[in-house]
K.L.:
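Just dropping this structure here.
Side-chain atoms are counted along with the backbone in the values below, which use heavy atoms only and exclude waters and symmetry mates.
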Amino acid sequence: MRTDLFRRRLVTGFACIGAGAAMPCCLPHQALAANHQNFALSEIADGVFAFRGKNELMTPGNEGAICNLGLVVGDEAAAVIDSGGSLVQARAFIAAISEVTPKPVRFLINTHMHPDHIFGNAAFRDIGATVIGHKNLPRALEARGAFYLRNYRSQLGEALMEGIEIVPPAQLVADRAEFDLGGRVLHLRAWKAAHTDNDLTVYDAATGTLFTGDLVFMEHLPTLDGSLLGWIRQMDALAAIDAQRVVPGHGPIAADWPEALEAQRRYFEVLAGDIRQAITEGRPLAETVKTAGRSEASNWALFDEYNERNATAAYAELEWE
Amino acid sequence: MPACLGTTFRTGGGTEMQVSASWNRRLAIVAAAYLVVMAGSLADLSGPAAAQQSPTSSERIWTSLKGDVFGDRPILADTGLVRIEAPKRAQDAAVVPVDVYIDPAKAPDGVKSVTMIIDVNPSPVAATFQIGKEAGVTHLSTRVRVDDYSYLRAIAETQGGELHMSQTFVKASGGCSAPAVKNTDEALASMGRMKLRQFAPAAGETAGNAPELQLMIRHPNNSGLQRDPLTQYFIPAHFIQNFSISQGDRLILAMEGGISISEDPNFRFDFAPGAGSEIRVEATDTEGKVFRDQWPLEAAGL
């Protein structure tokens, strides 16, 4: 990791504080805002900021703030990469943005469908941002949105779920697209099924910063909700992107590229290898998932939370090879 | 461990077929059950903190559901004739492995059918399996979607017409795993592809000394509970509604099922092979597509 990338300001915002009385969030959420943790936005390159999520499951304690979020500021406007895991987090993010730039947030880019990345969408829609996503994102949210809203009530708690909506993208990316922030162009790229079937990356050409969303996991065990084979297959194309630094979906907010891919590549190889062997030997899914990938346990946070699920999805996929 | 003898790939055709009367009846049951569950869900949403189902609420749904499926026939619980196993927590809500075992000592003539129920799912009757006479099926594995905390139930009907039930409680998956198709484009592109694996009995094993078959069908098995993002119309449900597996003219296993069966429906079971003839499979989906294929019975070890 290049520590010299972390320079200048460390911007800190508080939920609602500093956002002014005009912020509608202050009305229903005062109780939560009072004990809200700092929202730290670090400038990792010129005009490029990132928030580091915790390597945890979404809980009331962390307010859903478990994935990395980004901000890129141009001459005319700013773009946000992912909205966070709750409206409380999204509003703290908006408050922190107002501390670093007066430019309007013109775009909210969703890197994929998962709740930790999209539950804050409504807050950005409400400040006038256009939501951008992969062409498959509306379909994926249609199939899952109601489940997410129901399932997360128990995990995040009623108070944090208050007001959360599934806000689908208004503008879709089928392959590649460019968005101009004024003197600075963001290059968006839609990928084939990998982490999910709606993964989108964002590349800031001005600084060579690549926001991968959850196509790259570091520290936090990768989670599989798309296609393991697709993910493995596209990793070379991902690695070929000429980036100076990468902001993975989970883990450190700036990492060397393409070295950042090494740990997950190794995990996928071990997992796929164990499962292929089990399939060849005729061992059934229920038995295989208890052991597949286990040798990687000490290398990852949240291994026990996600490995068996990854193995289940991978087994069902690899059985068709 | 049974040794795998081999695998064959085939692609199904697509001819029209009439929808059976029994299918219409099942649709009615599924729809009725769905309304029951939806009513429950709406009540949950309006309540302060009732998002998750509990054993009690699952049981309540079952109580109102069982009459629709089995009428007023008595259902014997926990007799040991049938046993259902599933993980205590669903890891991937879209792919939850389930095993059903029939105890040959308690059902020496085998059973006629096994009905699999997931109380809280939009379509609680996951599947009804008809087991051929003397087919020798004592263990059946499949994969189901589990939407919420729920009992999974297997109700076996004996040759004499008795109903025996086994149940196990499954907690819904945590995190962002949803009971939805992961790779929709791929699921549609390869729809209808079938695969049959044959496993010889494992040498020296005391249990599971029969050969096994595993039938895999590529299909999104879509729920139809989603709207098209562009048109806002509900997408019609599209799933494998039945299949049958026979050896020659002898039925081994047939299924009528719905959207609670995972995408790429997958069934593994033991059986008593007869002499000669090949294994034939015919499956039908809700759009009337028929997928047919046959494979030679692999002689080695059988």
Side-chain angles (χ1 to χ4, degrees), chain A residues 57-58 113-117 136-155 157-158 161 168 172 192-194 196-197 223-227 229-230 279-287 289-290 302 305-313 315-317 319-320, chain B residues 1-5 41 44-45 48-52 85-87 89-99 141 143 147-148 172-186 190 193 195 197 199 202 212 214 216 218 222-223 225-230 235 262-264 266 268:
Chain A
L57 300 175
M58 290 165 78
M113 67 190 178
H114 284 146
D116 49 333
H117 300 258
N136 289 342
L137 182 58
R139 179 177 73 188
L141 291 175
E142 192 54 56
R144 293 165 176 78
F147 176 84
Y148 287 158
L149 292 177
R150 185 162 47 89
N151 195 275
Y152 275 87
R153 287 164 85 87
S154 58
Q155 192 172 330
E158 294 292 321
M161 287 302 292
L172 303 181
K192 292 194 170 71
T196 67
D197 74 355
T223 64
L224 176 60
D225 206 1
S227 163
L229 294 173
I279 290 169
T280 305
E281 291 170 0
R283 276 194 281 142
L285 182 150
E287 177 190 323
V289 299
K290 289 178 187 150
L302 300 173
E305 283 77 2
Y306 290 118
N307 182 62
E308 207 169 308
R309 171 179 146 199
N310 291 342
T312 302
Y315 187 107
E317 181 182 0
E319 228 176 352
W320 285 95
Chain B
M1 207 55 51
C4 177
L5 288 174
S41 303
D44 283 344
L45 286 176
Q52 218 108 60
E85 283 181 9
R89 179 175 284 281
Q91 296 292 335
D92 181 337
V95 185
V96 180
V98 191
D99 288 277
S141 313
R143 300 164 196 174
D147 284 43
D148 205 333
S173 65
C176 48
S177 150
V181 180
K182 287 185 183 60
N183 188 352
T184 304
D185 294 336
E186 172 67 23
S190 57
R193 192 174 161 208
K195 200 168 163 179
R197 296 187 75 191
F199 302 94
E212 290 182 298
Q214 182 180 15
M216 303 163 59
R218 268 288 207 205
N222 256 346
S223 72
L225 302 178
Q226 307 131 31
R227 287 168 307 168
D228 183 309
L230 297 177
I235 299 164
S262 301
E263 68 181 286
D264 299 338
N266 194 310
R268 181 166 168 168

K.L.:
Under the side chain to side chain donor-acceptor pair (under 3.5 Å) rule, collect the residues that match up with Thr196(A), sequence neighbours excluded.
P.N.:
Asn198(A), Asp199(A)
K.L.:
What are the two closest heavy atoms between Arg144(A) and Val181(B), and how far apart are they?
P.N.:
NH2-O, 2.7 Å
K.L.:
Is chain A contacted by the side chain of Val96(B), its backbone, both, or neither, given a heavy-atom distance below 4.5 Å?
P.N.:
neither
K.L.:
Using every non-hydrogen atom in the two residues, find where Leu224(A) and Lys182(B) come nearest and quote the distance to one decimal.
P.N.:
O-CE, 4.2 Å
K.L.:
Who among Asn136(A), Thr312(A), Asp197(A) has the most heavy-atom pairs with chain B under 4.5 Å?
P.N.:
Asp197(A)
K.L.:
Output the distance between atom CZ (Arg197(B)) and atom CD1 (Ile279(A)), rounded to the nearest 0.5 Å.
P.N.:
7.0 Å
K.L.:
What's the separation between atom OH in Tyr315(A) and atom CG in Asn266(B), rounded to the nearest 0.5 Å?
P.N.:
8.0 Å
K.L.:
Can you see which heavy atom on Gly282(A) is nearest to which on Phe199(B), and at what distance?
P.N.:
CA-CE2, 3.5 Å
K.L.:
Let me confirm one number: the CG-CZ distance from Asp185(B) to Arg139(A), rounded to the nearest 0.5 Å.
P.N.:
4.5 Å
K.L.:
For side-chain contact (heavy atoms from CB on, under 4.5 Å), just list the numbers for Asp148(B) and Arg150(A), CA-CA rounded to whole Å, side-chain angles, deciding distance to a tenth of an Å, and then say yes or no.
P.N.:
CA-CA 9 Å; Asp148(B) 205 333; Arg150(A) 185 162 47 89; 3.0 Å; yes
K.L.:
What part of Ser190(B) gets within 4.5 angstrom of chain A, counting heavy atoms only: side chain, backbone, both, or neither?
P.N.:
neither
K.L.:
Quick check on the interface: out of Arg143(B), Arg218(B), Glu263(B), who has the most heavy-atom pairs with chain A under 4.5 Å?
P.N.:
Arg218(B)
K.L.:
For the residue pair Asn183(B) and Ser227(A), what are the closest heavy atoms and their distance?
P.N.:
ND2-CB, 3.7 Å
K.L.:
Given heavy-atom pairs under 4.5 angstrom as the criterion, report whether the side chain, backbone, both or neither of Ser177(B) touches chain A.
P.N.:
both
K.L.:
Once rounded to the nearest 0.5 Å, what's the spacing between atom CE of Met216(B) and atom CH2 of Trp320(A)?
P.N.:
4.5 Å
K.L.:
What part of Leu141(A) gets closer than 4.5 Å to chain B, counting heavy atoms only: side chain, backbone, both or neither?
P.N.:
neither
K.L.:
Between Glu319(A) and Arg268(B), is the closest basic N to carboxylate O distance under 4.0 Å?
P.N.:
no
K.L.:
What distance do Glu317(A) atom CD and Asp264(B) atom CG have between them, rounded to the nearest 0.5 Å?
P.N.:
10.0 Å
K.L.:
Hey, could you give me the CG/OG distance between Asn151(A) and Ser173(B), rounded to the nearest 0.5 Å?
P.N.:
6.0 Å
